[in-house]
Trainee: 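This structure is in structure tokens; I'll ask about it shortly.
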2 protein chains.
Amino acid sequence: MRQTQSSNIEQLAEQVVAGDRRALARAITLVESTRPDHRASADALLAQLLPETGKAVRLGISGVPGVGKSTFIEAFGLYLIEQGRRVAVLAVDPSSRRAGGSILGDKTRMELLSRSPDAFIRPSPAGRSLGGVARRTREVLLLCEAAGYDVGIVETVGVGQSETAVAEMVDLFALLLLPGGGDELQGIKKGIVELAELVVVNKADGDMQAAARRAAAEYRSALRMLRPLSADWQVPVLQVSSTEHRGFAEVWAAVQRHREVLGEAGLASRRAAQAKAWMWSEIEEELRSRFAAAPAVAARLAEAEAAVAAGRTTPAAAAQELLGRFLGEAPSRD
Amino acid sequence: MRQTQSSNIEQLAEQVVAGDRRALARAITLVESTRPDHRASADALLAQLLPETGKAVRLGISGVPGVGKSTFIEAFGLYLIEQGRRVAVLAVDPSSRRAGGSILGDKTRMELLSRSPDAFIRPSPAGRSLGGVARRTREVLLLCEAAGYDVGIVETVGVGQSETAVAEMVDLFALLLLPGGGDELQGIKKGIVELAELVVVNKADGDMQAAARRAAAEYRSALRMLRPLSADWQVPVLQVSSTEHRGFAEVWAAVQRHREVLGEAGLASRRAAQAKAWMWSEIEEELRSRFAAAPAVAARLAEAEAAVAAGRTTPAAAAQELLGRFLGEAPSRD
């Protein structure tokens, strides 16, 4: 499509809302495209679908590699579908490469879930920057909501900054842990534990159940050391077995309790704040990328950074010089 | 001074390097001024003094109100001066207002230290934004180094984001705690505990000494739950009595040990990274503030934010529209 016509966009929007999976896939491809004409069409599509969005429960799931995120999400997703829900699973992983097998990987990883007509699994968009990946994932989440998925699960890899980005697009951010106790927490990036509004000890299977109980108690006491995110919400620490299919009702009950505690107004204000923050991060990312790409800046940037790092010029002076080049003005300050 | 002449700047720089306190105070006033012509002079002054900077040990000190930061800094500062050091004490507190008694407050709080010819105490610059306050404090730290102060202590209030800003301008970030144990940690913003490279339990006085020992053990175990900032550095938890003047030699020894572990190359690379990050934060803050102040943007900003918060428009579309207004182009994306 050289330039998707507005009538085509309208049609695509209708098909997405009608729950046409192929239309949803095409809509996602459009949103993830980097071509400027596609971008304009994507913006038009999103604008059209916006009234149909916002109805899903948005969950973030984080955890280090090896914690069993895929097994958990598959088992949890199947549980939700049994409860009559429709589940979309997205991923934020700036390190993934589309061509590198991420799609195949996800299909293989969540084989049962991917076969369900009530599940939609989408790997992380191949991204240059975390901002770009997060932006697209947010938009794909909106598309999935418009398509009638009423639980949106955003998975993240648990090793970097993507957790903050995911926490800023969901209603509840959950952290999966292994039954390893204190040592386990040391392996987790510090900021991530603090984002968690729900902790799930995975692999509480068979003869690991006692260890999982002990670990859960340790995590509870570690969490007490940290100030709660909200005075109204004590972070629950639950135990599940993804292979033995135990604990999912409790996880879902905790998600719903969190929503009740938040209240309708609380949820609306959380999402409004997220949307505003998203707008500002779009603006900042774009300003920064246009700044760095501007020929007048690009020609001097490496030299300026080197001079600053070596202490030959002050950061403020270097910044002013580059800003003057970008905005084509004489340097000035607030 | 309508426009400080370059010969005047040269003279001022020489006086600062010669250790003239009144010249240092004038230089700081210049750096803290918001007038554009002063700013140009300040940049010239800083450029001139840059080769004389970088020789101090830069320490960040954080802790909630009531932990005894002033008493600690005064006693620690006097200890350092006894050891032949010259100590500059700066503050980052975006909530402070110059007229509101911050200067008087500091003088009163650190009366003994402020009378020493080897100490220089400067309250937080009155700031609009944290970025503005941090920028000026970084520059004042450079001025103090040029003036021969070889320990720079940057104090922060321990209740907000200013800790990150301070951690990004010092060689070591220390957190003061009361002997309250686990409950104490709950009162501290989570991110702050994780920035700490040294924890000092203050008020380990008289019959509080046993409680302080227990608290120190609790803090040590809580810190083990968090991943260390560096594989080479286990965060020491020390106890001091600022009123009974005990524990300061141990604090200073820990600061020096940290420097040894870091090594010369490590310190240089930490500072180079800080300088580059500072340059980028200058650029980003300035881009954002010029963006928001641009008449074409300002006229639409509130409306765009409201539309985004209410879900009437997507954050991406709102961002593109505003960016187009700022850069005077047709909307485009990465």
Side-chain angles (χ1 to χ4, degrees), chain A residues 34 36 39-40 43 46-47 50 53-54 128 132 135 138-139 142 182 185-191 193-194 222 224-227 271-273 275-276 278-280 282-284 286-291 304-305 308-320 322-323 327 331-334, chain B residues 34 36 39-40 43 46-47 50 53-54 128 132 135 138-139 142 182 185-191 193-194 222 224-227 271-273 275-276 278-280 282-284 286-291 304-305 308-320 322-323 327 331-334:
Chain A
T34 54
R39 188 65 239 169
D43 283 339
L46 286 162
L50 203 57
T53 65
R128 295 134 291 249
R135 166 196 296 170
R138 282 190 179 103
E139 292 178 344
L142 295 179
L185 278 185
Q186 287 191 40
I188 312 265
K189 270 205 108 182
K190 298 155 291 172
V193 178
E194 300 162 352
R224 268 202 303 276
M225 295 285 184
L226 302 167
R227 185 185 204 153
R271 287 179 169 186
K276 278 203 273 187
W278 175 9
M279 182 189 88
W280 276 107
E282 292 265 341
I283 290 169
E284 283 164 9
E286 188 89 3
L287 280 175
R288 184 175 158 139
S289 88
R290 293 205 194 180
F291 175 84
E305 279 192 319
V308 162
R312 288 195 308 273
T313 183
T314 65
Q320 286 306 311
L322 294 171
L323 283 162
L327 298 169
S332 88
R333 292 280 281 244
D334 63 321
Chain B
T34 54
R39 189 64 238 169
D43 283 340
L46 286 163
L50 203 56
T53 66
R128 294 136 292 248
R135 166 197 294 172
R138 282 191 179 102
E139 292 178 344
L142 294 180
L185 277 186
Q186 288 192 40
I188 311 264
K189 269 207 107 181
K190 296 154 295 174
V193 177
E194 299 163 351
R224 268 202 303 274
M225 294 284 185
L226 302 166
R227 186 185 203 149
R271 288 179 169 186
K276 277 202 272 186
W278 174 9
M279 182 189 86
W280 276 106
E282 292 265 341
I283 289 169
E284 283 165 9
E286 189 89 2
L287 280 175
R288 186 177 157 136
S289 89
R290 293 204 194 181
F291 175 83
E305 278 191 321
V308 162
R312 287 195 307 275
T313 184
T314 64
Q320 286 306 311
L322 294 171
L323 283 161
L327 297 169
S332 89
R333 293 280 283 244
D334 63 319

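Just so we're on the same page: letters track the sequence lines, and every chain starts at 1. As a basis for the values below, the full set of heavy atoms in this structure was taken, side chains included, without hydrogen atoms, waters or symmetry mates.
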Trainee: Give, as side chain, backbone, both or neither, the part of A/R312 having an atom under 4.5 angstrom from any heavy atom of chain B.
Mentor: backbone
Trainee: Given that the side chain runs from C-beta out, which part of B/L46 has a heavy atom under 4.5 Å from chain A: side chain, backbone, both or neither?
Mentor: both
Trainee: For the atom pair CD1 (A/I283) and CZ (B/F291), what is the distance rounded to the nearest 0.5 Å?
Mentor: 4.0 Å
Trainee: Looking at B/A273, B/G311, B/A310, B/A47, which has the largest count of heavy-atom pairs under 4.5 Å with chain A?
Mentor: B/G311
Trainee: Pick one of side chain, backbone, both or neither for A/L322, based on which atoms fall under 4.5 Å of a heavy atom in chain B.
Mentor: side chain
Trainee: At a heavy-atom separation under 4.5 Å, does B/R271 approach chain A through its side chain, its backbone, both, or neither?
Mentor: neither
Trainee: Grab the two heavy atoms, one from A/A309 and one from B/A272, that are nearest each other, plus how far apart they are.
Mentor: O-CB, 3.5 Å
Trainee: So, for B/L327 and A/R290, which heavy atoms are closest and what is the spacing to 0.1 Å?
Mentor: CD1-NH1, 3.1 Å
Trainee: In terms of heavy-atom proximity below 4.5 Å to chain A, should B/E284 be classed as side chain, backbone, both, or neither?
Mentor: side chain
Trainee: How close do A/V308 and B/M279 get, heavy atom to heavy atom, and via which atoms?
Mentor: CG2-SD, 3.9 Å
Trainee: Once you round to the nearest 0.5 Å, how far does OG1 of B/T314 lie from CD of A/E139?
Mentor: 6.5 Å
